[in-house]
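Since the structure comes first, as structure tokens, the remarks are kept for the end.
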Amino acid sequence: MQKLNNKRIIVGITGGIAAYKAAELVRLLHRYGADVRVVMTQSASEFITPLTLQALSGNPVHTSLLDTEAEAAMGHIELARWADAVVIAPASANFIAQMTAGLAGELLYAIVLATCAPVCIVPAMNKVMWENKATQDNILRLRQRQIKIFYPVRGEQACGDIGFGRMPEPETIAQKLTTLFQPGLLDGKQVLITAGPTREKIDPVRYLSNNSSGKMGFALTSAAVEAGASVTLIAGPVSQRTPERVRRIDVESAVEMQQAVLKVINTQTQDIFIACAAVADYRPQQVMKTKIKKTLSSPEETLTLQLTLNPDILMSVAALQQHVPFLVGFAAETDDLMANAKEKMRRKNLDMIILNDVANPAIGFNSDNNAVTVLGQALSLKLPVMSKQALSRKLISLIAEAYARKVPVGKKTSPT
Ligand code: PMT
């Protein structure tokens, strides 16, 4: 089960006999879909080797604050920023004391100080050390600083004592970690999104295109990632920054966009396809190899550009025998809005269409805001003007609900 899909988790390991259990924790988090980076204190490597944890996490293990090579690859500040959560398991009495004092002499301490992500500690030590007032005072102070404590359990300890101080089982820790994150509406789903315009070459320096900026498609991409999806974004020529954790493929023309879409679907089954790109319906029948010369001499003369039909990307996906189970199109309309959108939805065989009135320059193309009407099976919902980011969150939640109705959990209509 991909409960932690897309989540970036730092597992900090400190020196203690329970360090061996951290290997199983790393394996479980990785299995739950998390991207795991392990940071070990110097004493932790006396108990378990970095190599084991590297193999289980699939990432290099970080051990030193002063290793210039490692810092150049991903320094302590970058690691601190990278993480969605930091869990320290086991957290020794010494680590807890140093963390309470705010020391930063080792990499793991520095990360804990520098991160804005939630930090959880899993204390594990001898029961007398755990019950000691110094340790309990430290725990209280850490709790006051919003550090989450996954409390030790009772049982037989490595030293033979019986009492509280044992590290909980890795499965319990992994389960607790999943509750840190809001359950994503699209957890574990593969979502393919197209954004931006296409450019259809006329000659080496000219092209046909439109005013799409990519803002809507990129905002949808961020919202889908926030909802837990793994997103592939196929973008026409735009100057938007790629949202984090997104695989972006850049294309120019409609034909290239169609090829990229079909390649992604053929390589990895997609659950949802959202076609937000403003794809040119036509392209010049012939692309001139050299720049077209200015041969006309008066405004009365004309130059004719022959256009040919571009492939319809949405229709080609809908027509795939084993197609993506949920298809969302956009309709950019200037007149007869509802009738045109409904007709596109039927003709293109879509589960949902998002209609924008592009005659209004305050919304739609290149604006920061948009207002749409969402049409689906038994759904017609008008969403007022708002930022493309806010709108995208609403759209993604509507898409996720409609997807869940069409493809109930455990049932996949897609091939693999
Ligand atoms: O990029 P922004 O500046 O933020 O603007 C956002 C937007 C206005 C471009 C966006 O919200 C939008 O409406 N995108 C769809 C624009 C469009 O091409 O609409 P259409 O009605 O021509 O096409 C209908 C649907 O078919 C669309 O999902 C489109 O991606 C798809 N299509 C169209 C033509 C084609 N050859 N292949 C397609 O797949």
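Please read all numbers here as calculations on a predicted model, not as lab measurements. Just so you know, residue 1 is the first one in the sequence shown, and it goes up from there. Start at 1 and go down the list; that is how both ligands and their atoms are numbered.
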- Query: Among protein heavy atoms, which sits nearest to atom 29 (C) of ligand 1, and what does the distance come to when rounded to 0.1 Å?
  - Reply: Ala277 O, 3.4 Å

- Glu200 (side chain) donor-acceptor with Ala280 (main chain) under 3.5 angstrom: no

- Item | Non-hydrogen atom of Met315 closer than 4.0 Å to ligand 1 | no

- Item | Contacting atoms of ligand 1, where contact means under 4.0 angstrom from a heavy atom of Lys388 | 2 (P), 3 (O), 4 (O), 5 (O)

- Message: For ligand 1 and Pro311, I'd like to know whether there is a polar contact (N/O to N/O, distance under 3.5 Å).
- Response: yes

- Message: We want to know whether Arg245 and Asn6 form a side-chain donor-acceptor pair, criterion being a heavy-atom distance below 3.5 angstrom.
- Response: no

- Query: Hey, which atoms in ligand 1 end up nearer than 4.0 Å to a heavy atom of Asn366?
  - Reply: 2 (P), 3 (O)

- Query: Any N/O of Thr194 closer than 3.5 Å to an N/O of ligand 1?
  - Reply: no

- Query: Are side-chain N/O atoms of Arg141 and Thr100 paired as donor and acceptor at under 3.5 Å?
  - Reply: no

- For the residue pair Thr198 and Ser209, what are the closest heavy atoms and their distance? O-OG, 2.9 Å

- Is the cationic atom of Lys201 (NZ for Lys, CZ for Arg) positioned less than 6.0 Å from the six-membered ring centroid of Tyr207 and within 45 degrees of its normal? no

- Which pair of heavy atoms, one from Val119 and one from Met99, lies closest together, and at what distance? CG1-CE, 4.0 Å

- Message: Is it the case that the side chain of Ser45 and the backbone of Gln42 share a donor-acceptor pair, with hydrogens and angles ignored and the cut-off at 3.5 Å?
- Response: yes

- Query: Among protein heavy atoms, which lies nearest atom 21 (O) of ligand 1, and at what distance?
  - Reply: Lys344 NZ, 2.4 Å

- Taking atom CD of Glu244 as the centre, report whether more than 12 heavy atoms of other residues, nucleotides or ligands fall under 6.0 Å from it. no

- Within the structure, does Ala332 bring an N/O atom to less than 3.5 angstrom of an N/O atom in ligand 1? yes

- Query: Are any of the N/O atoms in Asn310 less than 3.5 Å from those in ligand 1?
  - Reply: no

- Protein heavy atom at shortest distance from atom 33 (C) of ligand 1: Lys348 NZ, 3.6 Å

- Query: Any N or O of Gly329 that comes nearer than 3.5 Å to an N or O of ligand 1?
  - Reply: no

- Query: Closest non-hydrogen protein atom to atom 2 (P) of ligand 1, residue and atom name please, with distance?
  - Reply: Ser213 OG, 3.3 Å

- Donor-acceptor pair between Ser316 and Gln258 side chains, under 3.5 angstrom: yes

- Task: Provide the number and element of each atom of ligand 1 under 4.0 Å from a heavy atom of Lys215.
- Result: 1 (O), 2 (P), 4 (O)

- Query: Does the gap between the ring centers of Tyr109 and Phe95 come in under 6.0 Å?
  - Reply: yes

- Query: Of Leu220, Asn356, Leu309, Val317, which has the heavy atom at the shortest distance from atom 7 (C) of ligand 1?
  - Reply: Asn356

- Contacting atoms of ligand 1, where contact means under 4.0 angstrom from a heavy atom of Gly364: 5 (O), 8 (C)

- Message: Could you identify the single nearest non-hydrogen protein atom to atom 18 (O) of ligand 1 and state the distance to 0.1 Å?
- Response: Ala278 CA, 3.3 Å

- Message: Below 4.0 Å, non-hydrogen atoms only: which portion of Asp281 touches ligand 1? Side chain, backbone, both or neither.
- Response: side chain

- Can you sort out which atoms of ligand 1 are near Gly214, meaning under 4.0 Å from one of its heavy atoms? 1 (O), 2 (P), 3 (O)

- Task: Check each atom of ligand 1 against the heavy atoms of Ala331 and keep those under 4.0 Å away; list them by number with element.
- Result: 21 (O)

- Item | Element-labelled atoms of ligand 1 that are located less than 4.0 Å from some non-hydrogen atom of Ala275 | 27 (C), 28 (O), 30 (O)

- Item | Identity and distance of the protein heavy atom lying nearest atom 37 (N) of ligand 1 | Ile313 N, 3.0 Å

- Note on the structure: closest protein heavy atom to atom 27 (C) of ligand 1 is Phe330 O, 3.0 Å

- Task: Run the salt-bridge test on Arg166 and Glu169 with the 4.0 Å N-O cut-off and return the result as yes or no.
- Result: yes

- Any chance the side chains of Gln175 and Thr179 put a donor and an acceptor closer than 3.5 Å? no

- Side-chain heavy atoms of Leu379 within contact of Met352, under 4.5 Å: yes

- Task: Check whether any heavy atom of Ala254 sits under 4.0 Å from an atom of ligand 1.
- Result: no

- Message: Looking at Glu24 and Lys21, is any side-chain nitrogen of the basic one under 4.0 Å from a carboxylate oxygen of the acidic one?
- Response: no

- Which protein heavy atom lies closest to atom 1 (O) of ligand 1, and at what distance to 0.1 Å? Ser212 OG, 2.6 Å

- Message: Give me the atom names and distance for the closest heavy-atom approach of Thr115 to Ala80.
- Response: OG1-O, 2.9 Å

- Before signing off on this row, confirm whether Val358 and ligand 1 have an N or O atom pair separated by under 3.5 Å. no

